[in-house]
Amino acid sequence: MTPRYARVAAPVAVVYGAAALLTAGGLGHTLWCGVDQRGTALAFGVLIAVGELARWGSAPLPGELGGKEPAPLGAAGALAYALLGESAGEPTTHGVLQVVSVVVAGALAGNVLHVARGREPALDHVARRVLTVGFAAVCFQPLYNTGLVTQHIGHGPLYALFLLVLLVLTALCDAVLAAVIQRARTGYPYGPLLRDQLRALLGIGSAVCATGAVMALGVAAAGLWALPVFCVPLLLTQLAFRRYAAVREVNGQTIASLARATEIAGYTPAGHARRVAALSGAVGREMGLSGAELTVLEYAALMHDIGQLSLVDPVPEGATALLPVPEQRRIALLGGAVVRQTGVPAAVAVVVERQADPYREQPLPARIVRAVNAYDDLAGDTAAGALKALERLRLGTARDYQPEVVESLARVLARGGVAPGRPG
Amino acid sequence: MGIPGAARAYIGCVVAGAVVCALPVLGPDARGSWGAVALLAGLYAACELPARCPFLGRTQVGSVPAGTGSFFPVLLAAALLLPPAGAAAVALPGALLARVDQRPALPRRIWRAGRLALAAWAAAQAAALLGGPAALGGGSGAPDFPYVLLPAAVSACTFSLVLAVLDGGIRVTAERRPVRTAWQGLLWPSLAPHAVHGLAGLMMAVLWRSAHGPVAALFVLLPMYITCWVFAQYHREWAAHQATIRALVQAVDLKDRYTRGHSERVGRASVLIARELGMDEGRLEVLRFAGILHDVGKLGVPTRVLRKDGPLTPEERRIIQLHPEYGHEIVRGIGFLGEARSAILHHHERMDGSGYPYGLSGTQIPEFARVVAVADAFDAMTSTRCYSRARPVGTAIAELRRCAGSHFDPRMVRALVRALDRHGWQSDVTADEPSGNVPPPRPTAKPAAPASAPAPLPAPHPGARP
C-alpha cells in the first residue's frame with residue numbers, strides 16, 4: 001500500500017511546501033527590511049488572530065451549506081489586507097511578502113492560543129490561507145504599487161468592481177486548493193469535491209469575500225476605524241452559521257437515535273444502521289454524489305430498517321435481505337411512513353420506501369442503500385464472509401443490485417472500507 | 001377576521017403621519033436628493049422582494065436577531081444619508097411590496113409601510129440633529145470617525161424605539177391587549193439586532209459617500225442577506241428536529257396504544273411542576289423533552305408484551321422494567337438533552353429506594369427524574385388505560401399525597417398541587433395537538449388510527465384517518 005499512499009499524499013506535500021516557501025520568503029523579507037506602516041499591519045494582524053481564535057473548532061460545517069471556511073473573520077481580514085491600497089486616503093506601501101508575513105503571524109498567534117487551550121492546530125487551513133492570500137496579494141499589490149490600477153481604473157466604482165473580480169478569482173483558487181487537499185486525504189473523486197467547495201462559496205464564502213472587499217474599501221475611506229465596525233455583520237453571519245450547525249447536529253443525533261431504536265429493540269444487530277450509513281456515504285462519494293444528495297443518502301441509510309419497529313415479532317438477526325420480497329416491500333413501506341413523520345427531506349422517505357424494489361425502478365440512493373444493507377446483513381465479521389457477501393451481491397446484479405453500485409462498494413472495501421473521519 | 005374600528009383609525013393616523021413626513025421629498029428643495037432616494041428605495045424593494053424570509057413573522061421563537069427585519073441596514077443607511085423626508089420615502093415601496101405571511105394582506109402592507117416610514121423619518125431626524133450626514137464625509141473629506149458612531153447609534157436606537165411604540169399601539173387597538181402589558185418585550189429584544197443593522201447601515205452610508213460610490217455600498221448587504229438566509233435554514237432545520245422528536249414519541253404511542261398523548265401530557269405536567277419550583281427557562285425546555293421522551297425506551301420492548309391484555313408474567317414484567325435503560329440507550333447520543341437523559345433513566349426510581357433500574361433513593365435520584373415521576377404517575381391515573389379507567393384529578397392528587405415520601409418527592413407533589421390549583425388540567429390533549437412551542441406536524445404527519453393489528457405504525461397513506 002505504500003506507493004499508493006505516497007501518491008495520495010504528494011499534493012498535500014506540494015501545497016505545504018509552497019506555503020512554507022512563501023512563508024519563509026515573507027518572514028525573511030520582513031525581518032530583513034522591517035515592517036512598513038506598522039499601525040496598519042498590527043491592526044490587521046490582530047484582526048486575523050482574533051478571527052482565528054473565534055474559529056468554530058476544527059470540524060467543518062455539514063452538508064450543502066458547507067461553510068467550509070472555519071474562520072470567516074480571519075479570512076476576511078487577510079483578504080482585506082491583501083487588497084488594501086489606501087488607508088484613510090494615504091496610499092499604502094506594503095508588498096506581497098509583508099502581506100504574507102502579517103497573515104502568517106496572525107494565523108499562528110491564533111493557533112498558538114488554540115493549542116494552549118488543548119485543541120488541535122489547523123495546519124491545512126493555515127497553509128490554504130497563506131496560499132490564497134498570497135495569490136490575492138500577487139494579483140493586486142504589484143498592480144497597485146506600480147500605479148497601474150490608479151492609472152487605468154481610478155478610484156471610483158470601477159475600483160470596487162475590480163476588487164470584487166479579484167476576490168472571486170481568489171475564492172475559486174481557494175476552492176480548488178481545498179478540493180485538492182481533500183482528494184489527497186480521502187481519495188474521493190475530485191469532481192464532486194470541487195463541486196461541494198464551489199457550492200460552499202455561495203454560502204459563507206461569498207459573505208467572506210464581500211466583507212473582505214468592504215473592509216479594504218472602508219479602510220481606504222475611513223482609516224483603521226472601519227475594521228472593528230465592519231467586522232460586526234460578518235460576526236453575525238458566523239453566529240447564524242454556528243446556530244444552524246448546532247441545530248443540524250442535534251437533528252442528526254436525534255435521527256441516529258431513532259435509527260438505533262431498532263437495534264435496541266433487538267430487530268437489527270448492534271451498529272448495523274451506523275455501519276450501513278457510513279459505508280453508503282463512502283460508496284455515494286465514490287459514485288460522485290455530493291452535498292444534499294449525500295445527506296439524503298446518509299439519513300436514508302440510517303433509517304432504512306425503521307419499518308421493522310412495526311413488526312410484532314423481530315426478523316431473525318434483522319436480516320431483511322433474506323426475507324421474501326413482498327415482506328421486504330411491506331417493511332420498506334412502513335419504514336417510509338415513519339420517515340415521513342420526521343423532519344427529514346421527503347426524498348429520504350422515498351429512498352426508504354423503495355429500498356426493496358428491483359434496482360432499475362429505484363433512485364440511486366436507494367440502490368446504494370439496498371446493496372450496502374445486503375452486504376452488511378450477509379458479510380459477518382470475517383474476511384471470507386465479506387468476500388462471499390460480495391459474491392452474492394454480484395450474483396444478484398441481474399435484478400436486485402446495480403452492477404456499478406456493487407463495483408463501487410467493492411472498490412471502497414478494497415481501500416479498507418470507510419475513510420477515517422468524515423471527509424469535508 | 002375583521003379589523004376593529006380602533007385599529008383602522010390607528011393605522012389611518014400612522015399612515016397619515018407617514019405621508020406628511022414623506023411629502024416634502026416631492027418639493028423643489030429636495031430635488032437634489034431624488035436620485036439617491038430612488039436608488040435606495042429601489043434597493044430596499046429589491047432586497048425585500050426575493051428575500052421572502054419565512055421567519056419574519058415568527059418573533060415568538062425568541063432570541064432570533066434577524067427575525068425583526070433583515071434589510072433595515074438599507075433604511076438606516078438612508079436615515080444617515082438623506083434628509084428625513086427622503087428616508088421616509090425610501091421605506092415605502094419595499095414595505096408595500098414585500099410579502100406578508102398572514103391575511104388580510106393589504107391592511108398589513110399599509111400598516112408596515114406606515115410604521116417603517118415613520119421610524120425611518122425619526123431615525124433620520126435624530127441623525128440630522130447630531131450632524132450625522134456631515135460626519136459621513138464624502139467628496140474629498142474623510143468620515144469623522146469615531147464621532148460618526150454616535151449619530152449612527154442614536155438613529156438606530158430611535159428607529160427601534162419608534163417601532164416599539166407603534167407596535168405597542170397596534171397591539172392595543174387590533175389585538176385588544178391591555179394597555180399595561182402591550183409594550184412589554186417590544187423594545188429590548190430588538191435593540192441588539194437593530195444596533196447591528198445600524199452598524200451595517202453606517203458602513204453602507206460611508207461607502208456610498210466615498211469615492212467608490214453606491215456599488216461598494218451594495219457589498220455590505222451580501223453578508224446581511226446570507227445571515228438572513230442561514231437563519232431561514234436554521235428555522236427549517238429546527239422545525240425538522242421538532243418533527244423528528246415527535247416521530248420518536250409517536251412511534252412509542254403507536255406501539256403502546258393506550259398511552260396515546262401520554263408523553264405530551266407528561267411533558268406539560270413536568271413543566272408545570274418545574275415552573276412552580278422556579279426553574280429557569282432553559283432547564284424548563286430540557287425538562288419538557290424529558291417528560292415527552294420518558295417512555296421512549298418502550299420502543300425497545302417487544303410489541304407483543306406491551307400490548308398484552310391481562311396480567312403480566314414476572315418475566316414480562318422484568319422485560320417492561322428494562323424500558324428506562326433502553327430509553328437511556330436510545331437518547332444517549334442526543335447532546336442537547338443533557339439532564340433529561342438521566343431523567344429518562346431514573347423516572348421509575350422511588351424515594352424509598354424500591355424503584356428501578358438502580359434502586360436509588362432520596363436525593364440520589366436526579367431532580368428531573370423526581371419531577372417526571374410525579375408527572376408520569378399523575379397522568380397515568382387521570383387518563384384511561386387498558387387496566388383502569390381514568391380517575392378524577394382530586395383522587396389522583398390524594399393518591400400522590402399518600403405516596404409522597406415513599407414513592408414521590410413531596411416537594412414535587414406539592415408543586416404539582418399548587419400548579420393545578422392555579423392553572424387547572426385538561427387531560428384530553430392528544431399527541432396530535434401542538435403543545436408548548438412544538439410546531440404542529442407537517443400536513444402529512446398526522447398519524448393514522450392504530451387500527452390494523454400487525455402494523456401499529458401509521459399506514460403509508462396519511463389522511464386515512466377515520
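All figures in this text were calculated on a predicted structure; none of them were measured in a lab. Below, chains carry the letters A, B, ... as their sequence lines are ordered, and counting in each starts from 1.
Neither the backbone nor the side chain of A/Ala256 comes within less than 4.5 Å of any heavy atom of chain B. Within the 4.5 angstrom heavy-atom criterion, atoms from both the backbone and the side chain of B/Leu248 approach chain A. Using a 4.5 Å cut-off between heavy atoms, B/Leu337 makes no contact with chain A at all. At a 4.5 Å heavy-atom cutoff, the contact between B/Leu202 and chain A is made by side-chain atoms alone.
Minimum interatomic distance between B/Met203 and A/Pro233 (heavy atoms only, all atoms of both residues): SD-CG, 3.9 Å.
Top candidate by heavy-atom pairs under 4.5 Å with chain A, chosen from B/Val206, B/Leu207, B/Val220, B/Ile334, is B/Ile334. Your options are A/Leu258, A/Leu217, A/Val232, A/Leu163, and the one with the most heavy-atom pairs under 4.5 Å with chain B is A/Leu217. Taking B/Val301, B/Ile245, B/Thr244 one by one and counting their heavy-atom pairs under 4.5 Å with chain A, the maximum is reached by B/Thr244. No other option in A/Val229, A/Thr262, A/Leu235 has as many heavy-atom pairs under 4.5 Å with chain B as A/Val229. The most heavy-atom pairs under 4.5 Å with chain B, out of A/Leu234, A/Leu161, A/Leu164, come from A/Leu164. Looking only at heavy-atom pairs under 4.5 Å with chain B, the residue among A/Ala207, A/Pro157, A/Ala213 that has the most is A/Pro157.
Aromatic ring centroids of B/Phe336 and B/His241 lie under 6.0 Å apart.
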ring-ring contact (aromatic ring centres under 6.0 Å, His included) between B/His328 and B/His294, intermediate numbers included: CA-CA 9 Å; B/His328 184 253; B/His294 73 282; over 10 Å; no
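Between A/Phe140 and A/Tyr159, the ring-plane angle classifies as perpendicular under the 30° and 60° cut-offs. The aromatic rings of B/Tyr234 and B/Phe231 sit perpendicular, their planes meeting at an angle over 60°, well past the 30° parallel limit.
Salt bridge absent: A/Arg274 and A/Glu263 never bring a charged side-chain N and a carboxylate O closer than 4.0 Å.
When the shell of 6.0 Å around CD of A/Glu327 is examined, it contains more than 12 heavy atoms from other residues, nucleotides or ligands.
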